[in-house]
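So the structure is just underneath, and the comments pick up after that.
Each residue takes its place number in the sequence, starting with 1. Since the structure is predicted, the reported quantities are computational estimates derived from the model, not experimental observations.
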Amino acid sequence: MFFKFVPKIITKLIVKPKHIYFNKIVQFHTSNSHGAIPPLVWLIAKPITKLGAIIAGRGFRKWWSSLPKIKRDIFLAHLKRHQIRYAGGFGLTSFTCYIYYDSHIQETPLTKRKRFILFSNEQLTEIEKLEKAQLFTIYEENVMDFYTPQVNRAMRVANRLFAANKEIPEVHKINWKLTVIDEKIINAVAFPSGDLVVFSGLLEFVENDDELAIIMAHEMSHAVLQHAAEEISHSRLLDIISISLALIVWAILPTDLTAAITQVVADRLLRFTLELPYSRDLEKEADHVGLMFAAKACFDVRYSPLFWRRMGENNQELIPEILSTHPASETRAQDLESLLPAALRLRKECDCYELPAHLTNTPRSYLNGVSYLPRQDTENIFLIWFGENYPLVYFKCLETLVFHHPKADVLIFSNELDENLVEPFWKKGYQNVRVVRFNLTILGRDKPGFDFVIKATKLLRNETLLVFQGKIQLTNVHLSDFLRYLLVYTYGDFYLDSDSFVVKNFLKFKNSISVTENYRYNYSTKVCSTDKIKNFKCLSNCMFHFEQYHPFMRDALNHYDLWWSKYQVYGPGGASMLMSLVERNFNKINFYKSEEFVCQSKIRSSRKKSNSTNEIVEYAMKNCYTLQILGAGKFNFSIDNFNETPMAKIYGKSRIF
């Protein structure tokens with residue numbers, strides 16, 4: 001909740017943060033204040049009032065102790081004589097307080113719980129402005145621009161949560177805004193007016209968008225349930241009780257020392273029995289409602305207890321739960337586990353895709369640099385994508401891949417694609433298709449080629465590198481080439497270009513890559529040949545398989561930095577760099593003709609309407625395993641006449657949807 005940031009003297013009260021609005025809706029309203037003291041006034045009035053109560057109580061004790069016994073008897077006799085009048089006055093005062101309290105009882109949105117609300121939205125806005133001003137003053141230089149991957153990721157999750165829950169009036173009427181702050185804090189903050197602040201530390205800590213959604217939904221629920229107004233109101237009520245106790249304690253106890261000790265004990269008892277448990281209950285309620293928000297948005301809510309247990313491991317709690325404003329991480333995990341059946345039922349009622357039977361095989365997978373750890377008990381096929389949009393023709397390629405490999409894990413490594421891209425496959429029962437997030441620095445740590453990772457990371461941060469007396473550049477082609485070698489080296493199994501239609505199951509090819517005579521590249525020191533392949537000039541790295549830690553992939557990673565630095569037009573030329581490493585690994589590689597392994601020559605020309613469609617289809621179905629139809633380059637993102645090409649007929653034999 002936003003009250004983590006306590007108001008202080010602020011030099012800059014007005015800061016214009018880089019908010020991102022993900023809907024434009026009128027703000028919510030609470031009930032009228034009925035004359036409540038504004039919260040900011042009470043921040044000053046509370047200590048003064050408490051001090052006044054102590055002085056008044058102590059003054060009454062001093063006055064009473066200084067009275068002669070006869071005057072005390074007269075005073076007591078007066079009270080006894082007018083006890084009905086005083087009792088009536090006390091009763092009337094109590095009744096007035098009850099009427100005031102009852103008139104401020106409201107129902108909590110969604111949960112319908114009765115609670116005491118003392119302030120209007122306008123009054124709460126006063127203190128919220130100070131809270132936000134302090135937050136954005138502290139982190140003004142750390143607010144991330146909207147086009148960064150971190151902001152895009154948080155926005156993607158936020159939009160999905162809002163879209164799934166916008167039919168709830170309490171969600172719909174809040175003017176939601178998102179800000180991402182570059183700070184290594186594992187936290188998010190929600191303001192009652194709809195400002196949602198996410199720290200980059202949380203984005204790095206969560207293993208996937210499901211966990212991020214659970215935390216963001218928790219914070220959104222604080223705003224929807226108006227917990228800020230409730231917590232301030234409850235605190236005001238406890239303040240009144242504390243001030244009244246101070247007056248009584250200092251009036252009736254015989255010495256200042258005993259009064260002071262008793263007051264401290266009473267304040268601690270109030271905090272431990274009424275204030276902290278109430279705060280923990282609000283956190284639990286936000287956990288419950290937030291879990292349902294995430295379930296309605298079709299996130300995998302089963303990650304919620306995993307997140308909190310990992311949070312407990314990461315941040316060892318030094319104080320017991322009874323002394324904390326928040327439940328212990330393990331308590332939250334157990335509580336959320338008990339709610340999972342209801343959340344999963346709600347998710348099913350919302351017609352969400354069916355979840356895989358098992359979660360990621362390790363809940364700490366992102367510590368390895370990936371949001372989903374490739375399994376060792378199945379075949380993995382890796383694809384790589386840079387960019388937010390996945391063209392339809394590429395989706396058709398993906399469809400043919402899944403069709404011919406229904407039991408393999410098909411993993412699309414992308415930090416920009418919406419994870420919901422593959423939801424249609426899940427609904428069809430292909431739950432082994434995933435969009436996987438990756439952290440290149442963590443994934444490449446202690447691996448060959450880490451020098452490239454360091455330099456690439458600097459360039460991604462807009463730092464300038466000077467290599468070989470010139471300015472070096474980094475493109476998505478460079479990143480894709482390196483990442484494919486790194487994934488296959490680290491986990492083993494297959495890599496496939498996203499622009500490849502699949503004609504047959506190719507899982508039988510092990511430690512294999514295709515070769516061709518058609519390319520100009522010839523970096524080999526000699527023309528290589530085997531019993532199967534004669535006089536090939538280059539390799540094709542759009543599809544290959546190598547076992548984990550294969551020396552050929554190790555060499556590719558070790559040589560990558562040098563080649564990338566030297567050849568800037570197309571980095572290392574992809575396959576041409578591999579060609580230079582063939583000789584030393586020659587006996588550890590199986591070579592196949594590209595015309596069979598990755599058909600290209602006849603199929604590339606078929607992007608245009610062909611008069612020999614049937615001939616090409618017959619050739620492809622008989623001889624090819626994959627068809628790389630598009631090739632590299634931004635101009636190849638669509639085929640306008642797809643239905644008139646041979647690929648349409650080939651796709652028709654392998655389509656899922």
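Using a 3.5 Å distance cut-off with no hydrogens or angles, the side chains of His218 and Glu283 do pair a donor with an acceptor.
Under the 4.5 Å side-chain criterion, counting only non-hydrogen atoms from C-beta, Val224 is not in contact with Val289. Using a 4.5 Å heavy-atom threshold, the side chains of Arg309 and Glu330 count as touching. Between Val422 and Arg434, every side-chain heavy-atom pair lies at or beyond the 4.5 Å cut-off. Arg61 places a side-chain heavy atom less than 4.5 Å from the side chain of Asp256. Two residues are said to be in side-chain contact when any heavy atoms from C-beta on lie closer than 4.5 Å; Leu323 and Phe272 meet this criterion. Residues Tyr100 and Thr96 fail the side-chain proximity criterion, which asks for heavy atoms closer than 4.5 Å. At a threshold of 4.5 Å between non-hydrogen side-chain atoms, the residues Phe293 and Leu110 count as touching. Looking at Thr49 and Asp239, their side chains never come closer than 4.5 Å, going by heavy atoms from C-beta outward.
Atom CD of Gln226 sits about 6.5 Å away from atom CD1 of Ile117, to the nearest 0.5 Å. Rounded to the nearest 0.5 Å, atoms CD1 (Ile181) and CG (Leu202) are 12.0 Å apart. Here CG of Leu282 is found 8.0 Å from NE2 of His234. Values are rounded to the nearest 0.5 Å. Atom CD1 in Ile243 sits 9.5 Å away from atom CD1 in Ile54 (nearest 0.5 Å). Atoms OG1 and OH, from Thr273 and Tyr278 in turn, are 14.0 Å apart once rounded to the nearest 0.5 Å. Here the straight-line distance linking atom OG of Ser235 with atom CG of Leu274 works out to 11.0 Å at 0.5 Å rounding.
Note on Arg271 versus Asp267: no salt bridge recorded, every NZ/NE/NH1/NH2 to OD/OE distance being 4.0 Å or above. Using a cut-off of 4.0 Å between Lys/Arg side-chain N and Asp/Glu carboxylate O, Asp281 and Arg115 are scored as not salt-bridged. We find that Glu107 and Arg113 are not joined by a salt bridge, their nearest charged nitrogen and carboxylate oxygen being 4.0 Å or further apart. A salt bridge between Arg302 and Asp210 is absent, with no side-chain N of the basic residue lying under 4.0 Å from a carboxylate O of the acidic one. Ion pairing between Glu321 and Arg332 fails under the 4.0 Å rule for side-chain N and carboxylate O. With salt bridges taken as basic N to acidic carboxylate O contacts below 4.0 Å, none links Glu419 and Arg160. Classification of Glu349 and Arg345 as a salt-bridged pair fails, no side-chain N sitting under 4.0 Å from a carboxylate O.
Between His82 and Tyr86, the angle of the ring planes goes over 60°, which puts this pair in the perpendicular group of the 30/60° scheme. In this pair, His104 and Phe116 present their aromatic rings tilted. The plane angle is within the 30 to 60° band. Relative ring orientation between Trp63 and Phe75 is described as perpendicular, the plane-to-plane angle rising above 60° on a 0-90° scale split at 30° and 60°.
Nearest heavy-atom pair across His172 and Lys166 is CB-O, 3.1 Å. When all heavy atoms of Arg72 and Leu67 are compared, the pair lying nearest together is NE-O, 3.3 Å. For Arg153 against Leu203, the heavy-atom pair with the smallest separation is NH1-O, 2.9 Å. Val301 and Leu344 make their closest contact through CG2-CD2, 3.8 Å (heavy atoms, listed as atom of the first residue, atom of the second, distance). Closest heavy-atom contact between Ser304 and Leu340: OG-CD2, 4.0 Å. Between Leu196 and Ala190, the shortest heavy-atom contact is CD1-CB, 4.2 Å.
The backbone N or O of Glu183 lies less than 3.5 Å from a partner atom in the side chain of Ser200, making a donor-acceptor pair. Counting only distance, with no hydrogens or angles, the side chain of Trp176 and the backbone of Val171 share a donor-acceptor pair below 3.5 Å. Not a single donor-acceptor pair under 3.5 Å links the side chain of Ser242 to the backbone N or O of Leu238. Using a distance-only test at 3.5 Å, with no hydrogens or angles considered, no donor-acceptor pair links the side chain of Arg437 to the main chain of Asp209. In this structure, Arg280 contributes its side chain and Pro327 its backbone to no donor-acceptor pair below 3.5 Å. Distance alone, capped at 3.5 Å, is enough to place a donor-acceptor pair between the Asn165 side chain and the Leu161 backbone. When atom types are taken as modelled, the side chain of Asp335 and the backbone of Ser338 share no donor-acceptor pair closer than 3.5 angstrom.
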Fill in: Steps toward disulfide bond (SG atoms under 2.5 Å apart) verdict (Cys350, Cys298)
CA-CA 8 Å; Cys350 294; Cys298 296; over 6 Å; no
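Of the candidates Glu231, His227, Glu285, His227 is the only one forming a side-chain hydrogen bond (donor to acceptor under 3.5 Å, both in side chains) with His222.
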